[in-house]
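Taking it in order: structure first as C-alpha cells, then the write-up.
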Protein chains: 2
Amino acid sequence: MDNLLANLTISVNEKLYVKNPETSDLGKKIIENSIILIHEIGFEAFTFKKLGERIQSNESSIYRYFESKHKLLLYLSSWYWSWIQYKLVFETNNISNPLEKLSKAIIIVTEEIKEDVSIRHIDESILNKIIICEFTKTFLTKEVDEENKKGFFLVYKSIINRITLMIEDVNPNYKYAKTLASSIVEGSLHQHYLKEHFKTITNLSESNSISDFYIDLIKKTLL
Amino acid sequence: MDNLLANLTISVNEKLYVKNPETSDLGKKIIENSIILIHEIGFEAFTFKKLGERIQSNESSIYRYFESKHKLLLYLSSWYWSWIQYKLVFETNNISNPLEKLSKAIIIVTEEIKEDVSIRHIDESILNKIIICEFTKTFLTKEVDEENKKGFFLVYKSIINRITLMIEDVNPNYKYAKTLASSIVEGSLHQHYLKEHFKTITNLSESNSISDFYIDLIKKTLL
DNA sequence: CAAATATAATAGTATTACTATCAATTACAG
DNA sequence: CTGTAATTGATAGTAATACTATTATATTTG
C-alpha cells in the first residue's frame with residue numbers, strides 16, 4: 001500500500017500553479033524545501049526570497065512556478081488532502097461493516113503522520129505539521145468565496161463528503177452528518193495544535209489519542 | 001442583565017496595549033472603528049494607516065495605543081471572550097441542574113450574536129463576526145508559546161475550563177471533558193464560518209442552529 | 001549546432017509595519 | 001487664567017515584503 005502511494009503522482013488543481021512543479025528538478029526542490037522552511041519559520045515569516053537562498057536559486061525563478069506564497073500554501077494543502085484521500089479510499093474500500101469503515105476513516109484523517117512514508121521529495125510528516133498550523137489560514141481570507149468557486153478546496157470538501165456518507169451508513173437518521181464530518185476533520189487539526197501549545201485545555205497527549213476521542217464520540221452519537 | 005453588562009467595564013490584560021484605549025475618546029474611536037474596518041476589509045488588508053484615515057486621525061497616534069495590529073486583534077479577542085465569560089457566569093449561575101446548566105452554557109458560547117447589545121462603542125454583533133473569521137489567527141503563529149506565557153489567552157482558556165467543569169458535573173466518568181469543551185468552543189466558530197462560505201459541508205443554517213447540534217452531541221455523549 | 005526553454009541576476013515599484021522627531025492642540029493644576 | 005504636561009497630528013524616514021520587468025546566461029532538445 002505504501003509502495004502504491006509512493007509511485008502515484010498526486011494531481012493538484014492546475015490553477016494553483018503557473019508551472020507544474022512536478023515537471024522539473026527546481027520545481028521539486030521548491031516543494032520539498034518550502035515545506036521545511038514553512039515548518040521552521042512559520043508561514044508569516046516565509047518568503048520566496050528566503051526560500052531562494054535556501055535552495056540556491058533565485059526569487060524570480062520561484063515566481064515562475066507560483067504566483068504567491070498563498071497559492072503555494074494552497075498547493076501544498078491540496079496535495080496533502082489528495083494524499084489523505086487516496087489513503088482513505090484504499091484503506092477503507094474493502095471494509096463492509098459501516099462502523100468499522102467509519103472508524104478506519106477517522107483514524108486516517110485524525111492520526112498524526114509520524115513517518116516520512118516515501119522516496120518522494122515530499123516529507124509527509126512535516127507536511128502534516130504544516131497543515132495543523134497553517135491550513136486554516138488558506139480559507140480564513142476575504143478571497144474564500146472566489147477561490148472556492150475556482151475549486152481550490154474541492155479535495156478537502158470531497159473528504160468531508162466521503163466521511164459524511166460513512167456516517168449516514170452507520171446511522172441514516174442522524175440529522176447532522178455533514179456537521180459531524182467537518183467537525184472531525186477540522187477539530188482534529190485543532191486538537192493536535194492544542195496538544196502542542198495549549199496542553200491545559202485538551203485531554204489528548206502522546207498516550208491518549210485523538211482518534212480514540214473521535215471514535216468514542218461517533219459510537220455514542222450514532223449508535 | 002443586559003444593562004448590567006452595559007455598565008460593566010470589561011478589563012483586558014494590560015500587556016496588550018501601550019495605552020489603555022478605554023481612557024480616551026481617541027482610544028474608544030480606535031476600538032469602535034477597528035472592529036468595523038477589520039470586518040469590512042479583513043485582518044490581512046487592515047492597516048493602522050487606513051484606520052487613521054477612517055477616524056480622521058494619524059497612524060502615529062494609533063501606535064501610541066497599540067504596538068501592532070496583531071496586539072490590537074488580541075485585545076479585541078480578549079475583550080470578546082471576557083464579555084462572553086460574564087454572560088456565561090451570570091446566566092448559568094442560578095441553574096442547579098447540571099445538564100440544564102451545560103446546555104445554557106453551550107447556547108451562550110455557540111450562538112450567533114445578532115443584536116448590538118449596548119450603548120457602548122463596541123458592536124458585539126460585528127465583533128462576533130470578526131472572532132469567527134480572525135480569532136484563530138491570533139494563536140496560529142510562531143509566537144504562541146511566548147504569548148501564552150504572558151497570559152494573552154487566559155480568558156479564552158478560562159471559558160473552556162468552566163465548560164469542562166460543567167461537563168464533569170453532568171458525567172464525572174467521561175474521559176475527554178477538556179477536549180469536548182475546547183472542541184465545542186472552537187468548533188462552533190468553524191461551523192459559523194462554514195455556514196457562510198462552505199454550505200455544502202455543514203447541516204447548519206439559519207433555521208438549523210449550531211447550539212442544537214452541540215446540545216444533541218453532549219446529551220448523547222454524556223448521558 | 002541552432003533554437004527554444006529554463007533559470008539567474010539585477011533593478012525597480014508600491015505598500016507595509018513600523019520608529020523618530022517636532023509642532024500644534026488640549027487638559028488640568030496652581 | 002496661565003504655564004506646564006500630556007496628548008495628538010504631521011511629516012519623514014527605514015527595512016522588509018511582495019511582487020513585476022528586463023536582460024543575460026545556462027541547459028535542453030530536435
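Side chains are part of it too, since the values below use all heavy atoms of this structure and drop only hydrogens, waters and symmetry mates. Order of the sequence lines sets the chain letters (A, B, ...), proteins ahead of strands, with each chain counted from 1.
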For this session: Please tell me which of Ala45(A) and Gln56(B) maps to the more 5' nucleotide of DNA chain D, matching each residue to the nucleotide holding its nearest heavy atom.
Result: Gln56(B)
Exercise. Which part of the nucleic acid, if any, lies within reach of Lys19(B) when heavy atoms closer than 4.0 Å are counted: base, sugar-phosphate only, or nothing?
Worked result: sugar-phosphate
Problem set entry | Side-chain N or O of Lys49(B) closer than 4.0 Å to phosphate OP1/OP2 of dT16(C) | no
Problem set entry | Rounded distance in Å - CD (Glu22(A)) to P (dA6(C)) | 16 Å
Exercise. Below 4.0 angstrom from OP1 or OP2 of dA9(C), is there any side-chain N or O of Ser57(A)?
Worked result: no
Exercise. Would you find more than 12 non-hydrogen atoms of other residues, nucleotides or ligands less than 6.0 Å from Lys49(B) atom NZ?
Worked result: no
Exercise. Passes ring pair (Phe, Tyr, Trp, His ring centres under 6.0 Å), Phe135(A) versus Tyr156(A)? Steps please.
Worked result: CA-CA 11 Å; Phe135(A) 173 63; Tyr156(A) 178 66; 4.8 Å; yes
Problem set entry | d(CG, Leu51(B); C1', dT16(C)) in whole Å | 15 Å
Exercise. Which part of the nucleic acid, if any, lies within reach of Tyr65(A) when heavy atoms closer than 4.0 Å are counted: base, sugar-phosphate only, or nothing?
Worked result: sugar-phosphate
Exercise. Are the aromatic ring centres of Phe153(B) and Trp81(B) under 6.0 angstrom apart?
Worked result: no
Exercise. How close or far is atom C1' of dC19(D) from atom CZ of Arg64(A), stated in whole angstroms?
Worked result: 13 Å
Exercise. Does Lys50(A) place a side-chain N or O at less than 4.0 Å from the phosphate oxygens OP1/OP2 of dT17(D)?
Worked result: yes
Exercise. Which whole-number value in Å describes the distance from Asn58(A) CG to dT23(D) P?
Worked result: 17 Å
Exercise. Roughly how many Å is it from CD in Glu53(A) to C1' in dA9(C), rounded to a whole number?
Worked result: 14 Å
For this session: Would you mind classifying the nucleic acid contact of Tyr63(A) as base, sugar-phosphate or nothing, using non-hydrogen atoms under 4.0 angstrom?
Result: base
For this session: Respond yes when some side-chain nitrogen or oxygen of Ser24(A) is under 4.0 Å from OP1 or OP2 of dT7(C), and no when none is.
Result: yes
For this session: To the nearest Å, give me how far apart CG (Leu26(B)) and P (dT25(C)) are.
Result: 17 Å
Exercise. Should the ring pair Trp83(A) and Tyr80(A) be called parallel, tilted or perpendicular, given that the plane angle runs from 0 to 90° and is split at 30 and 60?
Worked result: tilted
For this session: For Glu67(A), report the nucleic acid contact type (base, sugar-phosphate, nothing); a contact means any heavy atom under 4.0 Å.
Result: sugar-phosphate
Problem set entry | Comparing Ser60(A) and Glu44(A) on DNA chain D - which has the more 5′ nearest nucleotide | Glu44(A)
Problem set entry | Base dA6(C) to side chain Ser61(A), donor-acceptor N/O within 3.5 Å cut-off | no
For this session: Check the distance between dT21(C)'s P and Glu59(B)'s CD and give it to me in whole angstrom.
Result: 17 Å
For this session: Classify the nucleic acid contact of Lys29(A) as base, sugar-phosphate or nothing, counting any heavy atom under 4.0 Å across all strands shown.
Result: nothing
Exercise. Once you round it to whole Å, what is the distance between P of dA16(D) and CZ of Phe48(A)?
Worked result: 19 Å
For this session: Look at the aromatic rings of Tyr176(A) and Phe213(B) and report parallel, tilted or perpendicular, splitting at 30° and 60°.
Result: perpendicular
